[in-house]
Amino acid sequence: MEPSKAPEQFLKPYNSAENEPRMLELWEKSDYANPDVCIKNGVTAFDAEPYSIVLPPPNVTGILHMGSALMIVIEDILIRYHRMRGKKVLWIPGTDSAAIATQAKVEGDIYKTEKKTRHDLGREELLKRVNAFTEESKKTIIDQTKKMGASLDWSRYAYTMDEKRYAAVMEAFVRMYNAGLIYRGDRIVNWDPKLQTTVSDEEIEYVEQQDSFYHFKYGPFDIGTVRPETKFGDKYVVMHPDDERYKDYTHGQKIDLEWINGPITATIIKDRSVDREFGSGVMTITPAHSLIDFEIAQRHGLDIECVIDDRGILLPIAGEFAGQHIKKARPLIVEKLKQKGLISKIDDGYVHNVATNSRGGGIIEPQIKRQWFIAVNKEVEFPDPSTELRAGGKKMTLKEHMRETVSSGAVEILPEHFSKIYFHWIDNLRDWCISRQIWFGHRIPAWFKGDEVKVQTESPGAEWQQDPDTLDTWFSSGLWTFSTLGWPHFAKTATRGEPGPENDLVNYHPTSVLETGYDILFFWVARMILMSGFLLGDIPFRKALLHGIVRDGQGRKISKSLGNNIDPLDMAAKYGMDAVRMSLIAGMAPGTDSRISEEKIRGYKHFANKIWNITRFVLDNNVGLTKSHILPDDLVLVDEARKVADEVSKHIDSFRLDLAADAVYHFVWDRFAAEILEQSKEILKGSDADAKNSRAAALHEILIISLKLLHPFMPFVTEAIWQQLPQPTLASSSGEAKKECDLLMVAKWPQ
RNA sequence: GCGCGGUUAGCUCAGUUGGUAGAGCGCUUCGUUUACACCGAAGAUGUCGCAGGUUCGAGUCCUGCACCGCGCACCA
């Protein structure tokens, strides 16, 4: 029998640009990313084990970067692997409105081009602009995600601001409100004067800054501050009760002294929160603009007076400085204090941390505001289980629930050491401020009336505060695993096992894995555990798998100012998406930062080409396709490939995708190509027909195993080859000659 | 201050219950014979951060230290 020749399509070298769009079209047409279609076509068993992931929805603010690319690749590998293992696999796509970030970006763009603020435009017009921007941006992100080869089920696509998600947000809000978990109160919050909104504790980023540190004479005391402009209202002087230096002063004692705008009467307060080692061990407090001071004031029932308004302007309490911005007023105030002889010393170069809004905002000014909060220390009843009960029926606080869910192992955080960071965060957790004053986001309905905890002061507000607040974007994100699966609409009518989106909640929740960056462990992972615990009595996912930051070849963070961005799609156009995918995975230990460089990507392009050429060699020698029998000697080689399959499976199951990729890479290149193929050349040249047929069949078998093992990592080149494999291909035992299936994407994983 | 990582070849990093130090890239030399020059063959390069300890044996386990990175808290 004459050897067949590889099909003409096997041009050399492998052309990714030509093959990738064809593969994408093929996959899209098949619709096998939709598990319902797989079941209908008999690709997946009706009662197969479910495997589900929600894609962390990328922000609609920008284009796809290497970080999102890494996330997509990791998840796509897991998804394709489990699909090939015969599971009922669902991977849900979505996009995130990213409220603050998006509004800040659009506002910025408008100001740049039109010199107009959002107040010039008005709420309606701004939202129109924001929506136009997000629609455009969404298309870009979706298109780029598809190009990555992500086998997402787009028929189930969700957007955080669409109607279904809005319904889920309202349902969640009402239930938590009725349970007393959501309350409204006048509390000290993180106020961003630039974006004119509150932000949560997690959104704050501390930036080191150098300032002058001023020492004042406050009656007989020496007090220090970096913020003289806040000191107008200071009429309490606080010290530690055990401080020997001040034992002659008694709690509640009144002292007359000269201060910025004239004589005042100050009151001595003894409080254990004062650090005796810091400065003179005495301080004055500004309760309206400092959390610690606010707490001291509350403990002792002291007056709380605002000094600075929402825009950073001094209030009438500042006397002659009222109406001035704090920035401009500070040097003038210092000057006046100097003239009055109240400054004893100025230390320059005092290094301290300044709180800023990490979402593109300004320097945080603590303010007392009437805001909505989620109580994390209030004991509540958790609901009965809807699917797999983890917290059902128990009475505990949200904080306890979040702690227990992880410590009990119900949710496993990987790598494991991140759970310590998680616990540490929980221990320091305060009530979550969920209301925002930005316009873009889910609005809190006006008909909600909170308990109005009265504090002495009314925060002096600007007129636009009359608008209803919107919700922290992470409130809706916290619902994501179930708001994308039909909750609350289908929560009661779903039928287990039956295909169809209306049964998703019961079929696919809890999700199998949540894969995301470690930087949003608190923002998202913790909030999802909180939300699904209280609302469903369920865990949102069994495992939280965290990945690190993708850095450039020199280990620097990718940033616009450095200009070191490596665009995944540019790289794919140049070297192929398979190469981009492999280079992101190889050498990436879970949870640690990784690096990517063009050289690395080029290396894996060579590998894609290698696979292509191996195939050509195997097909060129593909004699006796239908009747070959593999001799024991050659069977050993096939078994070797099967052993690699076990190794790859083991690594993927333990989320060591890097080791899995490494194992298959080395088998294919160093063993299969370099050794087995080379040896085979001798045999195939020989005259022993049985030996030739056997060896050719074995090579074919090893090729098929290799393609399957590589498919999750490099779906394009492997599928392109699979499409070219001659029909029929070998059937191993039955002797029946037929191609196992049309798409490698749903082929059986080798065992 | 509390906590979490890291330190292995020139560079980037593996090293899974302790058993003779590994890969990729780069470097040197050579080579087109049934795929592949986007290839192949051969080669050079290491006090495994430092100091102790446990052990027959430590890159791996324990203690201390140094340096780098990160998180959280404080910052009057």
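Below, read A as the first sequence line, B as the second, and so on, with proteins coming before strands; counting in each chain starts at 1.
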So what does A:Asp275 touch, heavy atoms closer than 4.0 Å: a base, only the sugar-phosphate, or nothing?
-> base
Using a cut-off of 4.0 Å on non-hydrogen atoms, how would the nucleic acid contact of A:Asn609 be classed: base, sugar-phosphate, or nothing?
-> base
Is the closest basic N to carboxylate O distance between A:Lys650 and A:Glu647 below 4.0 Å?
-> no
Determine the contact category for A:Tyr665: base if any of its heavy atoms lies under 4.0 Å from a base atom, sugar-phosphate if only primed atoms, P, OP1 or OP2 are that close, otherwise nothing.
-> nothing
Let me know the distance between CD1 of A:Ile611 and P of B:C39, rounded to the nearest Å.
-> 13 Å
What nucleotide, of B:C38, B:C36, B:C13, holds the atom closest to the side chain of A:His606?
-> B:C38
Give A:Lys600 one of three labels, base, sugar-phosphate or nothing, depending on what nucleic acid heavy atoms sit under 4.0 Å from its own.
-> nothing
Taking N and O atoms by type only, does the side chain of A:Asp620 place a donor or acceptor under 3.5 Å from a partner on the base of B:U34?
-> no
Closest to side chain of A:His666, choosing from B:C72, B:A23, B:C36 = B:A23
Among the nucleotides B:C74, B:A35, B:G71, which one has an atom lying closest to any side-chain atom of A:Ala673?
-> B:A35
Nearest-Å distance for atom pair CE/P, residues A:Met283 and B:C74 | 12 Å
Basic-acidic side-chain contact under 4.0 Å: A:Lys643, A:Glu640 = no
With the side chain of A:Leu659 defined as its heavy atoms from C-beta on, choose the nearest nucleotide among B:A35, B:C75, B:A14.
-> B:A14
Indicate, with a heavy-atom threshold strictly under 4.0 Å, whether A:Ile292 touches base, sugar-phosphate, or nothing.
-> sugar-phosphate
Selection from B:C39, B:C36, B:U12 that lies nearest to any side-chain heavy atom of A:Trp669 = B:C39
Would you mind telling me which residue lines up with the more 5' stretch of RNA chain B, A:Tyr604 or A:Phe278, judged by nearest nucleotide?
-> A:Tyr604
Rounded distance in Å between the P positions of B:U33 and B:A37 | 13 Å
Atom pair distance, as rounded to whole Å: CZ in A:Phe667 and P in B:A23 = 19 Å
What is the distance, rounded to the nearest whole Å, between atom CG of A:Leu677 and atom C1' of B:U34?
-> 10 Å
Roughly how many Å is it from CE in A:Met582 to P in B:G24, rounded to a whole number?
-> 13 Å
Using Watson-Crick geometry (N1-N3 plus N6-O4 or O6-N4) or G-U wobble (N1-O2, O6-N3), each under 3.5 Å, B:G19 is paired with B:C56
Figure out the CG/C1' separation between A:Asn428 and B:G1, and round it to whole Å.
-> 13 Å
Is the shortest side-chain N to carboxylate O distance from A:Lys574 to A:Glu598 below 4.0 Å?
-> yes
Taking the same atom, P, in B:G3 and in B:U45, what whole-Å distance lies between them?
-> 44 Å
Would you classify A:Ile223 as touching base, sugar-phosphate or nothing, given that sugar-phosphate means primed atoms plus P, OP1 and OP2, and contacts are heavy atoms under 4.0 Å?
-> nothing
Assign A:Val226 to base, sugar-phosphate, or nothing according to its heavy-atom contacts below 4.0 angstrom with the strands shown.
-> sugar-phosphate
Taking all atoms of both residues into account, what is the closest heavy-atom pair of A:Val717 and A:Ala608, and its distance?
-> CG2-O, 3.9 Å
Rounded distance (Å) that lies between atom P of B:G1 and atom CZ of A:Arg276 | 19 Å
Across the strands shown, which category fits A:Arg227 at heavy-atom distances under 4.0 angstrom: base, sugar-phosphate, nothing?
-> nothing
Taking only side-chain nitrogens and oxygens of A:Lys610, does any of them come within less than 4.0 Å of OP1 or OP2 of B:G40?
-> yes
Pairing partner of B:A73, by Watson-Crick or G-U wobble and under 3.5 Å for both distances, is none
Rounded to whole angstrom, note down the P distance from B:U7 over to B:C13.
-> 10 Å
Which whole number of Å gives the distance between the P atom of B:C11 and that of B:G46?
-> 13 Å
So what does A:His417 hit on the nucleic acid, given a heavy-atom distance under 4.0 Å: a base, only sugar-phosphate, or nothing?
-> sugar-phosphate
Picking from A:Leu314, A:Thr286, A:Ile264, what satisfies side chain to side chain contact (heavy atoms under 4.5 Å, CB included) with A:Phe232?
-> A:Leu314
Return the nucleotide paired to B:C67: Watson-Crick means purine N1 to pyrimidine N3 with N6-O4 or O6-N4, wobble means G-U with N1-O2 and O6-N3, both under 3.5 Å.
-> B:G6
Do A:Lys543 and A:Glu515 meet the salt-bridge criterion of a basic N to acidic O distance under 4.0 Å?
-> no
Nucleotide B:A14, atom P - distance to CZ of A:Arg595 in whole Å = 10 Å
Testing B:C36, B:C72, B:C38 for proximity to the side chain of A:Phe522, the answer is B:C72
Euclidean distance for P, B:G18 against B:C62 (whole angstrom) = 11 Å
B:C68 and B:C30: how far apart are their P atoms, nearest whole angstrom?
-> 45 Å
For the pair A:Tyr665 and A:Phe607, name the ring-plane relationship: parallel under 30°, tilted 30 to 60°, perpendicular over 60°.
-> tilted
Base of B:C4 paired with side chain of A:Lys420 (donor-acceptor, under 3.5 Å) | no
Side chain A:Glu678 and base B:A35 donor-acceptor under 3.5 Å | yes
For B:C27, the Watson-Crick or wobble partner whose two distances fall under 3.5 Å | B:G43
Are any of the side-chain nitrogens in A:Arg695 or A:Asp634 under 4.0 Å away from the carboxylate oxygens of its partner?
-> yes
Using a cut-off of 4.0 Å on non-hydrogen atoms, how would the nucleic acid contact of A:Ala589 be classed: base, sugar-phosphate, or nothing?
-> sugar-phosphate
Under 4.0 angstrom between A:Arg602 side-chain N/O and B:C38 OP1 or OP2 | no
Paired with B:C38 by Watson-Crick or G-U wobble geometry, both distances under 3.5 Å: which nucleotide is it?
-> none
What integer number of Å spans the C1' atoms of B:C70 and B:U17?
-> 30 Å
Is the shortest side-chain N to carboxylate O distance from A:Asp431 to A:Arg187 below 4.0 Å?
-> yes
Could you pick out which residue, A:His352 or A:Tyr14, lies toward the 5' side of RNA chain B when each is mapped onto its nearest nucleotide?
-> A:Tyr14
Would you indicate, yes or no, if B:G15 has its OP1 or OP2 atom less than 4.0 angstrom from a side-chain nitrogen or oxygen of A:Arg656?
-> yes
Please measure how far the C1' atom in B:A21 lies from the corresponding atom in B:U60, and state the result in whole Å.
-> 12 Å
